[in-house]
Amino acid sequence: MSSQMADQRNEEHTSEATTISGGHLVARALKAEGIDVIFTLCGGHIIDIYDGCVDEGIDVIDVRHEQVAAHAADGYARITGRPGCAVVTAGPGTTDAVTGIANAYRAESPMLVIGGQGALSQHKMGSLQDLPHVDMIAPISKFAATVPHTERVADMVSMAFREALNGAPGPSFLEIPRDILDARVPVERARIPVAGRYRASTRQAGDPAAIERLAELLVRSEKPSILLGNQVWTTRATQSAIDLVRALNVPAYMNGAGRGTLPPGDPHHFQLSRRYAFTNSDLIVIVGTPFDFRMGYGRRLSPDATVVQIDLSYATVGKNRDIDLGIVGDADVILSSVLQATSAFSDNGAQGRKAWLEELRAQERAALDKRAALLHSDATPIHPYRLVHEINEFLTEDSIYIGDGGDIVTFSGQVVQPKSPGHWMDPGPLGTLGVGVPFVMAAKYARPDKEVVALFGDGAFSLTGWDFETLVRFNLPFVGVIGNNSSMNQIRYGQIAKYGEARGNVGNTLGDVRYSEFARMLGGYGEEVRDPAEIGPALRRARESGKPSLINVWIDPDVYAPGTRNQTMYK
């Protein structure tokens, strides 16, 4: 090698050591936040981020559609309690991710989506895939911005995470122009926040006077009830919630990610008597659940009850319904503080509430008895209640359950009971179909020690089902079940009711697809089930296969969940 060539290589090495690219600054900032994986679909605008992730030891899971990447980042946040991250290219790459961002926004799930963008030097010139991403995403995110200079890359990544975790969490979005990502700047000029030192604790304790007031209300109440919602899991308030309801003898209902806070069989775990409780309670405490359509906008609560709402967001408390007491803050801190405050009373009223719990338990037994025959139905096509009952019986304490669909998941919400906290995942209030495969991806990646069981409607699975291959490629086994009625049944029922049988099937019927063959074609495990007695054995064989699986269960297309029949989602 000539001395001239050697000098040139030494200069290049020195330059590499003293400068850093935008993509590597992204990776350093992600590492500082504790991100260990990004979900992505490749594009020329973003490849320097991949190079940085390799250097920082961040895994790269590449998917087949950007919607999957965004949903997977959402799912990762829900499972781990840490923000997820998706990286997508410019233009259609970013617009494909919009549904995942919107779903995380309504579900209060913290994540960062990084989108590519044409070079700043080509701004407004019509560069490849140039779109006004920030303008489009700002209304459905907590923070959306363009990175204007390479020196600011890591700084703005940390800013985006700070905003994602501010109050009720949610998604942030950053677009980074290609020349900003590819450029190199001196390391000392780049603002690189230090891990753990660029944002404060988010554990707000609530108003002390309000804490004492709630403690008094609970102690004096004869017929209290409490609803434990998403934020109980978001704030990891499981033990505080358990301690409170057991110490004060309060019946607890759970929804969303709050399911599993109390295990099935716990004397304070209630599921089927919620309407009765909310009609007859003298005190109702709503924790981490907005008064949206799932709560009838608050109208399903007795007008005579004292209503207390606890939430991370000030904007949510008292929205759509007047309340008697609102407390803004972290559910874990608040519930533990309330329990501590009740110790000031010589009698916390727990003994006096035994009759109330027995009254509600009687309602639970009556509802279960009414449904028992359907849960064990031997009818063919298979009754949906029989399918979800078999799934519920199949779950273990280590099974994370994921629901992705309309009518079939509505059935499962009445029957399936996760055995542990943080083991229930559904789309959330946006009602997005297609979250199942990406949620499986995130859950199994983040918790390889857990079994993942997913129930899909056939319409829902079709939206993102090709990423079943991604699960095979990355060796992420799960037990998948498709409740197949060859219809979008939640919509089909409404059309029949409104327009009659002759027009009831317009635009909502699907082909009879053998999804077991699809699974096998992509390297997974698959079975067809038409006999209800074969559901359990097929689930066990899927578990034993150690592969991503699809058990295609043919269910009755003319049976609808009570919520579908009542069209409660629109009321």
Any donor-acceptor N/O pair, [X] side chain to [Y] backbone, under 3.5 Å:
X    : Y    : value
H376 : A372 : yes
T410 : G406 : yes
S549 : G480 : yes
R386 : S377 : yes
Q231 : T289 : no
D426 : G403 : no
N230 : A257 : yes
S343 : Q340 : yes
N103 : T99  : no
R246 : A241 : no

Salt-bridge contact [X]-[Y] (side-chain N to carboxylate O under 4.0 Å):
X    : Y    : result
E358 : R361 : no
R78  : D74  : yes
E469 : R473 : yes

To the nearest 0.5 Å, tell me how far [X] [atom1] sits from [Y] [atom2].
X    : Y    : atom1 : atom2 : value
H269 : Q417 : NE2   : CD    : 4.5 Å
I101 : R106 : CD1   : CZ    : 16.0 Å
L218 : L214 : CG    : CG    : 4.5 Å
T279 : L301 : OG1   : CG    : 9.0 Å
E108 : T316 : CD    : OG1   : 6.0 Å
I555 : N489 : CD1   : CG    : 7.0 Å

Taking everything shown except [X] itself, do over 12 heavy atoms lie less than 6.0 Å from its [atom1]?
X    : atom1 : answer
D449 : CG    : yes
R565 : CZ    : yes
K319 : NZ    : no
Q567 : CD    : yes

Looking just at side-chain N and O atoms, do [X] and [Y] make a donor-acceptor pair shorter than 3.5 Å?
X    : Y    : result
D330 : Q204 : no
Y276 : E359 : yes
N508 : Q495 : yes
S273 : E364 : yes
H268 : N249 : yes
R82  : Y76  : yes

Exercise: identify the closest heavy-atom pair between [X] and [Y]:
X    : Y    : value
A104 : M111 : CB-CE, 3.7 Å
A86  : A69  : CB-O, 3.6 Å
L262 : A252 : CD1-CB, 3.6 Å
R492 : S487 : CD-OG, 3.8 Å

Take R259 and Y401, measure what side chain to side chain donor-acceptor pair (under 3.5 Å) needs, and give me the verdict at the end. CA-CA 10 Å; R259 292 172 182 256; Y401 172 80; over 6 Å; no

Qualifying residues under side chain to side chain donor-acceptor pair (under 3.5 Å), relative to T564, sequence neighbours excluded: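 Checked T564 against side chain to side chain donor-acceptor pair (under 3.5 Å); matches are D407, Q490.
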
Looking at the rings of F291 and Y297, which for Trp means the six-membered one, are their centres under 6.0 Å apart?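 That pair fails the under 6.0 Å test.
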
Under 3.5 Å, sequence neighbours excluded: what are the donor-acceptor pairs made by side chains of residues 434-445?
residue : atom : partner : partner atom : Å
K444    : NZ   : P448    : O            : 3.3
K444    : NZ   : K450    : O            : 2.5
Y445    : OH   : D36     : O            : 3.4
Y445    : OH   : D59     : OD2          : 2.8

Chi angles and distances behind the side chain to side chain contact (heavy atoms under 4.5 Å, CB included) call for R365, L272: CA-CA 9 Å; R365 286 193 295 269; L272 302 178; over 6 Å; no

Can you list the steps and then say if S516 with Y525 is a side chain to side chain donor-acceptor pair (under 3.5 Å)? CA-CA 7 Å; S516 62; Y525 179 83; over 6 Å; no

Among T380, V553, L387, the one residue meeting side-chain contact (heavy atoms from CB on, under 4.5 Å) with P532: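 Running side-chain contact (heavy atoms from CB on, under 4.5 Å) over T380, V553, L387 with P532 returns exactly one hit, T380.
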
Listed pairs under 3.5 Å, donor-acceptor, residues 452-462 side chains, sequence neighbours left out:
residue : atom : partner : partner atom : Å
D458    : OD2  : S486    : N            : 3.0
S462    : OG   : D458    : O            : 2.8
S462    : OG   : Y515    : OH           : 3.0

Does N475 have any side chain to side chain contact (heavy atoms under 4.5 Å, CB included) partners at least two apart in sequence or in another chain, and if so, which?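 Counting only residues at least two positions away or on another chain, N475 forms a side chain to side chain contact (heavy atoms under 4.5 Å, CB included) with P477.
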
Take M569 and R294 through the side chain to side chain contact (heavy atoms under 4.5 Å, CB included) test and state the conclusion after the steps. CA-CA 7 Å; M569 69 289 292; R294 296 168 297 176; over 6 Å; no

Parallel, tilted or perpendicular, judged at 30° and 60°: which one describes the rings of F518 and W466?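 Answer is perpendicular, since the angle exceeds 60°.
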
For E393 and I535, what are the C-alpha separation, side-chain angles and deciding distance, and is it a side chain to side chain contact (heavy atoms under 4.5 Å, CB included)? CA-CA 11 Å; E393 293 295 300; I535 298 172; over 6 Å; no

Does H423 have any ring pair (Phe, Tyr, Trp, His ring centres under 6.0 Å) partners at least two apart in sequence or in another chain, and if so, which?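 With neighbours one apart ignored, the set is empty.
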
Passes side chain to side chain contact (heavy atoms under 4.5 Å, CB included), L510 versus M488? Steps please. CA-CA 8 Å; L510 307 170; M488 308 290 276; 3.9 Å; yes

Please tabulate, for the side chains in residues 222-229, all donor-acceptor contacts under 3.5 angstrom to protein atoms that are two or more places apart in sequence or on a different chain.
residue : atom : partner : partner atom : Å
S225    : OG   : S281    : OG           : 2.9

Please confirm whether R543 makes a cation-pi placement over F394, using NZ or CZ under 6.0 Å from the six-membered ring centre and within 45° of the ring normal.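 Flagged: R543 positioned over aromatic ring of F394.
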
